[in-house]
K.L.:
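Here it is, the structure in full.
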Amino acid sequence: MVARMPRIYTERYSIILCTMIFSGIWQIFCIFSHSPVDHSTIGFGMGGIIIFYFSIFYRPLKLLDHMLSDIISEIPEALFVFDPNGKCIWVNETGCQMADIQNEIFEKAERNLIPVFGESVMNHQNWSDKKTVHNDTKVQYYALESRSFTDERKCLTGSYLRIRDITKEQKKLKKEIYNATHDILTGLYTREYLYQRIAELLQISKHKHYLIIFVNVKNFKIVNDVFGKAFGDDTLRIVADWVKKDLSDNCCYGRLGGDTFGVLIPEEEFLPKQIEKELSDFVIRKKNADYQLLIHLGVYSVKSSDTDVSVMFDRAHLALSTIEDDYKFHIAYYNQDIKKKIIWNQNICTQLHEALYKRQILPYLQPIADRTGTIVGAEALARWIHPEHGFMSPASFIPIFEKNGMIAEVDKHIWRCACEILSRWKTESKNLFISINISPKDFYFIDVLAEVQNLVKEFRLSPASLRIEITETVMMNDADNRMQILDSFRKAGFIVEMDDFGSGFSSLNLLKDMPVDVLKIDMKFLGKTEDKSKAKTIVRNIIRLSEELGISALTEGVETQEQYQALSEMGCELFQGYYFSKPLPIEEFEKIV
Ligand code: C2E
Ligand code: MG
Ligand code: MG
């Protein structure tokens, strides 16, 4: 049984057996020697000590030693063990492969490690380091660690050097860092990383004058919608290549999001004339068809490197608002006027609720006359009687509220005021209508139909006395749903008017399907056009067309008697314009009807 046991136990029991046999022989010898002193006790004592030492200390220690050396030999890290003089006394398997040595020639390990990792590897102190080693074909990364050992009297007993190949981890880490800091589609920096890099660059070169540039592809949505996402992606790559094309190492650039890019560039390297030239004809090609991309640049000149980078880009972005859909100029600069405009917009927005509550915003009424010149109704046009800025026309606040959605608040207020007036007229037996303007943006924020219907119910009005003015832009989004809403308005007895017909890209085709009762022809046809006879022909034909479609025609902007007469002869039924009156405060309007 002992022979079949692991060697450690075989050895251990063999020693016990031998000691016992020896003790037995010693005992027999003592008995037969008839010595007056019993030497057998000494023999048993010695035997006990030997068994104790070999079975309790020596063998387990040797076993531990053996197992540890096996474990260390097999670990994937290279391990070099040195004596106090720095002589290599043991190298594990990986170490041998790394230093390209046979197990027994340890000195060679030192000679082979120094050229690869430098002198420090033979420095027998405690340290750790990371090294990049460039081989002919590839780059390897290693983590090095050296530890020295001392005894209880602080005398050096030896040291070891551990070398771990961390190439895989390092490459994975680098890839993860790259993915986190670079945009997958274009390979440029992500917005967050770009902001961080710019902040660092501005901090280290404070004396240099830099520009922040916000690049926006204005008509990218159309590219995506018309040509598909794959072509949209190609387009973004083309724009990204253009953005980084001529930039030096002093610049920093990245993709801010969707179709926007950001650049930090030293002022002297920015060449606006060249850029304008390139952008005036920035064409992308799809199956032999050229498509012109509209790219705009907003520029902010960095004043202080301590300003938040996101704020700088916000300002560069704001500069873009000054060139809306311009194909002529592609670069806009942030300046004090823009800053003032932003502050103005903010003030206006914060003051809105108080203004509505205090009735500083109210409708003025502009008369609408029929062919006999009789005033049959009015259009309610918003005015803000501002305590500080005085009389404000809608052009100074409606576009601001249309952008941020607060327009619905203004409109609801004006509609309510119009209903109040109509309700009073009803008691005074004044049989006039009021047209209210409905912004296309209202449909995003409120249930326009329910809102207007509730008002009419609340004030007990006939729906026909409250006319609904919409513009054709209402149909630009969600056309089917909007058609249904207009249809519901008509079915409920309201009269629907299409405002500013001819001012945008009015489609006569649209008119065929639009559920409207009145066509309000834009005043631009009556204005100072170069070719008056052509404008006249257009108006005549629009009126004729509306007649044939069973839609009444109303012309806006009638300023002279000649215009009024000519339009009457053409068949126009209703008229609005300064010839009759400007928009008036309610009391004044009531005086003239
Ligand atoms: P709109 O609805 O087309 O209103 C007609 C505009 O033409 C009014 O400008 C009116 O004062 C002006 N106008 C009328 N007759 C003449 C004329 O003979 N000659 C000239 N040159 N102009 C004339 P206003 O009041 O400045 O309103 C401008 C626009 O603001 C309106 O155009 C309308 O789109 C919008 N708006 C006005 N009030 C409101 C409102 O309460 N809600 C909404 N959503 N928009 C409103
Ligand atoms: Mg109108
Ligand atoms: Mg109009």
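It should be emphasised that the depicted structure is a prediction, and the values quoted were computed from it without experimental measurement.
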K.L.:
side-chain contact (heavy atoms from CB on, under 4.5 Å) between Trp26 and Met46: does it pass, once the steps are laid out?
P.N.:
CA-CA 11 Å; Trp26 180 251; Met46 294 271 288; over 6 Å; no
K.L.:
Salt-bridged, Asp233 to Lys229, with N to O below 4.0 Å?
P.N.:
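Here Asp233 pairs with Lys229 in a salt bridge, since their nearest N and O are under 4.0 Å apart.
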K.L.:
When rounded to the nearest 0.5 angstrom, what distance separates CZ in Phe22 from CD1 in Ile25?
P.N.:
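Going from the CZ atom of Phe22 to the CD1 atom of Ile25 covers 7.5 Å.
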K.L.:
So Phe220 and Val239, side-chain contact (heavy atoms from CB on, under 4.5 Å) or not? Walk me through it.
P.N.:
CA-CA 11 Å; Phe220 180 70; Val239 178; over 6 Å; no
K.L.:
Rounded to the nearest 0.5 Å, what's the gap from OH on Tyr189 to SG on Cys252? Could you check?
P.N.:
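That separation rounds to 5.5 Å.
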K.L.:
Could you tell me whether the side chain of Phe401 reaches within less than 4.5 Å of the side chain of Cys349, counting heavy atoms only?
P.N.:
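When only atoms from C-beta onward are counted, Phe401 and Cys349 do touch, with a gap below 4.5 Å.
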K.L.:
From Asn250 CG over to Leu201 CG, what is the distance, rounded to the nearest 0.5 angstrom?
P.N.:
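Rounded to the nearest 0.5 Å, the CG-CG separation comes out at 8.0 Å.
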K.L.:
Any heavy-atom pair between the side chains of Ile342 and Ile338 that's under 4.5 Å?
P.N.:
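Sidechains of Ile342 and Ile338: in contact.
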K.L.:
Kindly write out the residues that satisfy salt bridge (charged side-chain N to carboxylate O under 4.0 Å, His left out) with Asp281, not counting sequence neighbours, or none if the list is empty.
P.N.:
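Salt bridge (charged side-chain N to carboxylate O under 4.0 Å, His left out) check on Asp281 returns nothing, list empty.
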K.L.:
Please evaluate residues Val311 and Arg315 with respect to the criterion side-chain contact (heavy atoms from CB on, under 4.5 Å), reporting the C-alpha separation (whole Å), side-chain torsions for both, the decisive distance (0.1 Å), and the verdict.
P.N.:
CA-CA 6 Å; Val311 172; Arg315 289 179 183 167; 3.7 Å; yes
K.L.:
Could you walk me through whether Glu200 and Arg197 pass the salt bridge (charged side-chain N to carboxylate O under 4.0 Å, His left out) check?
P.N.:
CA-CA 5 Å; Glu200 286 164 7; Arg197 295 283 301 121; 3.0 Å; yes
K.L.:
Can you find a heavy atom in the side chain of Ile212 that is under 4.5 Å from one in the side chain of Tyr334?
P.N.:
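Ile212 does not reach Tyr334 side chain to side chain.
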K.L.:
Decide, yes or no, whether a salt bridge links Glu77 with Arg162 under the criterion of side-chain N to carboxylate O below 4.0 Å.
P.N.:
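The answer is yes: the pair qualifies as a salt bridge.
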K.L.:
If we only count heavy atoms from C-beta on, is the Leu264 to Leu202 side-chain gap below 4.5 Å?
P.N.:
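In short, these two side chains touch, coming nearer than 4.5 Å.
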K.L.:
Would you check if Gln351 and Phe397 make a side-chain contact, meaning some heavy-atom pair closer than 4.5 Å?
P.N.:
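The answer is no; the side chains never approach within 4.5 Å.
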K.L.:
Distance-only, no hydrogens or angles: does the Thr94 side chain make a donor-acceptor pair with backbone N or O of Ile75 under 3.5 Å?
P.N.:
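It does hold such a pair.
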K.L.:
Within the structure provided, determine whether Tyr253 and Val215 are in side-chain contact (heavy-atom separation under 4.5 Å).
P.N.:
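Contact flag for Tyr253/Val215 side chains = no.
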K.L.:
Classify the angle between the aromatic ring planes of His389 and His386 as parallel (below 30°), tilted (30 to 60°) or perpendicular (above 60°).
P.N.:
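The rings of His389 and His386 sit tilted, inter-plane angle from 30° to 60°.
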K.L.:
Could you tell me whether the side chain of Asn85 and the main chain of Lys87 form a donor-acceptor pair under 3.5 Å?
P.N.:
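No; judged by distance alone, with no hydrogens or angles, the pair does not exist.
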K.L.:
State whether Tyr193 and Arg255 meet the cation-pi test: NZ (Lys) or CZ (Arg) under 6.0 Å from the six-membered ring centroid, and within 45° of the perpendicular axis.
P.N.:
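No, Arg255 does not sit over the ring of Tyr193.
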K.L.:
Ser310 and Asp308: which non-hydrogen atoms are nearest, and at how many Å?
P.N.:
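Taking Ser310 first and Asp308 second, the nearest heavy atoms are OG-OD2, 2.6 Å.
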K.L.:
Does Glu176 CD have over 12 foreign heavy atoms under 6.0 Å away?
P.N.:
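It does: Glu176 CD has more than 12 such atoms within range.
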K.L.:
Taking everything shown except Lys208 itself, do over 12 heavy atoms lie less than 6.0 Å from its NZ?
P.N.:
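Yes, the 6.0 Å shell around NZ holds more than 12 heavy atoms from other groups.
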K.L.:
How many angstroms lie between atom CD of Glu451 and atom CG of Asp442, to the nearest 0.5 angstrom?
P.N.:
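Rounded to the nearest 0.5 Å, the CD-CG separation comes out at 9.5 Å.
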K.L.:
So does Leu156 get a backbone contact from the side chain of Thr150, meaning a donor-acceptor N/O pair under 3.5 Å?
P.N.:
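Side chain of Thr150 to backbone of Leu156: no pair is present.
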K.L.:
Can a donor-acceptor pair be found between the side chains of Gln196 and Glu192 at a distance below 3.5 Å?
P.N.:
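Checked: Gln196/Glu192 side chains show no N/O donor-acceptor pair below 3.5 Å.
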K.L.:
Would you name the heavy atoms of Pro440 and Thr473 that are closest together and state the gap between them?
P.N.:
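That closest heavy-atom pairing would be CG-OG1, 3.3 Å.
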K.L.:
Nearest heavy-atom pair of Asn219 and Leu294: which atoms, and what distance?
P.N.:
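Answer, listing the atom of Asn219 first, then Leu294: OD1-N, 2.9 Å.
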K.L.:
Do the side-chain N and O atoms of Ser280 and His330 include a donor-acceptor pair separated by under 3.5 angstrom?
P.N.:
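Their side chains do not contain a donor-acceptor pair, so the 3.5 Å distance test is not met.
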K.L.:
Indicate the atoms forming the closest heavy-atom contact of Trp90 with Asn92, along with that distance.
P.N.:
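Heavy atoms of Trp90 and Asn92 come nearest at CH2-CB, 3.5 Å.
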K.L.:
Kindly say whether the aromatic ring centers of Phe214 and Tyr300 come within a distance under 6.0 Å.
P.N.:
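Between Tyr300 and Phe214, which both carry aromatic rings, the centre distance is not below 6.0 Å.
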K.L.:
Please determine, by modelled atom types, if Tyr210 and Ser205 share a side-chain donor-acceptor pair under 3.5 angstrom.
P.N.:
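The criterion, which ignores hydrogens and geometry beyond distance, is satisfied for Ser205 and Tyr210.
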K.L.:
Looking only at the aromatic ring of each residue, does the gap between the centers of Tyr160 and Phe149 stay below 6.0 angstrom?
P.N.:
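Yes - the distance between ring centres of Phe149 and Tyr160 falls below the 6.0 Å cut-off.
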K.L.:
Can you tell me how far the CZ atom of Phe44 sits from the CE atom of Met20, to the nearest 0.5 Å?
P.N.:
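Rounded to the nearest 0.5 Å, the CZ-CE separation comes out at 9.5 Å.
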K.L.:
Could you tell me whether Lys245 atom NZ has more than 12 heavy atoms of other residues or ligands within 6.0 Å of it?
P.N.:
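Yes, NZ of Lys245 has more than 12 neighbouring heavy atoms, counting only those of other groups under 6.0 Å.
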K.L.:
May I ask you to say whether Lys172 pairs ionically with Glu169, meaning some side-chain N is under 4.0 Å from a carboxylate O?
P.N.:
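Answer for the salt bridge query: no.
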K.L.:
What are the two closest non-hydrogen atoms of Cys251 and Ile265, and how far apart are they?
P.N.:
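Nearest heavy atoms, Cys251 then Ile265: SG-CG1, 3.6 Å.
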K.L.:
Show your reasoning for whether side-chain contact (heavy atoms from CB on, under 4.5 Å) applies to Asp241 and Lys244.
P.N.:
CA-CA 5 Å; Asp241 288 343; Lys244 66 181 181 191; 3.6 Å; yes
K.L.:
Is the number of heavy atoms from other residues, nucleotides or ligands within 6.0 Å of CD1 (Ile184) greater than 12?
P.N.:
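No, because the 6.0 Å sphere around CD1 of Ile184 holds 12 heavy atoms or fewer from other groups.
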K.L.:
State the CG-OH distance between Leu256 and Tyr195, to the nearest 0.5 angstrom.
P.N.:
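Output value for this atom pair is 5.0 Å.
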K.L.:
Between the main-chain N or O of Ser301 and the side-chain N or O of Lys303, is there a donor-acceptor pair closer than 3.5 Å?
P.N.:
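A pair under 3.5 Å: yes.
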K.L.:
Of the options Leu211, Thr307, Ile198, which is the one that meets Met312 in a side chain to side chain contact (heavy atoms under 4.5 Å, CB included)?
P.N.:
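Exactly one candidate clears the test, Thr307.
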K.L.:
Would you check if the side chain of Asp411 reaches a backbone N or O of Val448 as a donor-acceptor pair within less than 3.5 Å?
P.N.:
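No, Asp411 side chain to Val448 backbone: no donor-acceptor pair under 3.5 Å.
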K.L.:
Between Glu276 and Ile331, what is the shortest heavy-atom contact and its length?
P.N.:
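Result for this residue pair: OE2-N, 3.2 Å.
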K.L.:
Indicate yes or no for a side-chain donor-acceptor contact from Ser148 to the backbone of Gln125 under 3.5 Å, with no hydrogens or angles considered.
P.N.:
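Here the side-chain-to-backbone pair does not exist.
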K.L.:
Taking side chain as C-beta onward, heavy atoms only, is Ile275 less than 4.5 Å from Phe270?
P.N.:
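Yes. Closest side-chain heavy atoms under 4.5 Å.
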K.L.:
Evaluate the side-chain proximity of Phe282 to Ile238: yes if any heavy-atom separation is below 4.5 Å, no if none is.
P.N.:
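When only atoms from C-beta onward are counted, Phe282 and Ile238 do touch, with a gap below 4.5 Å.
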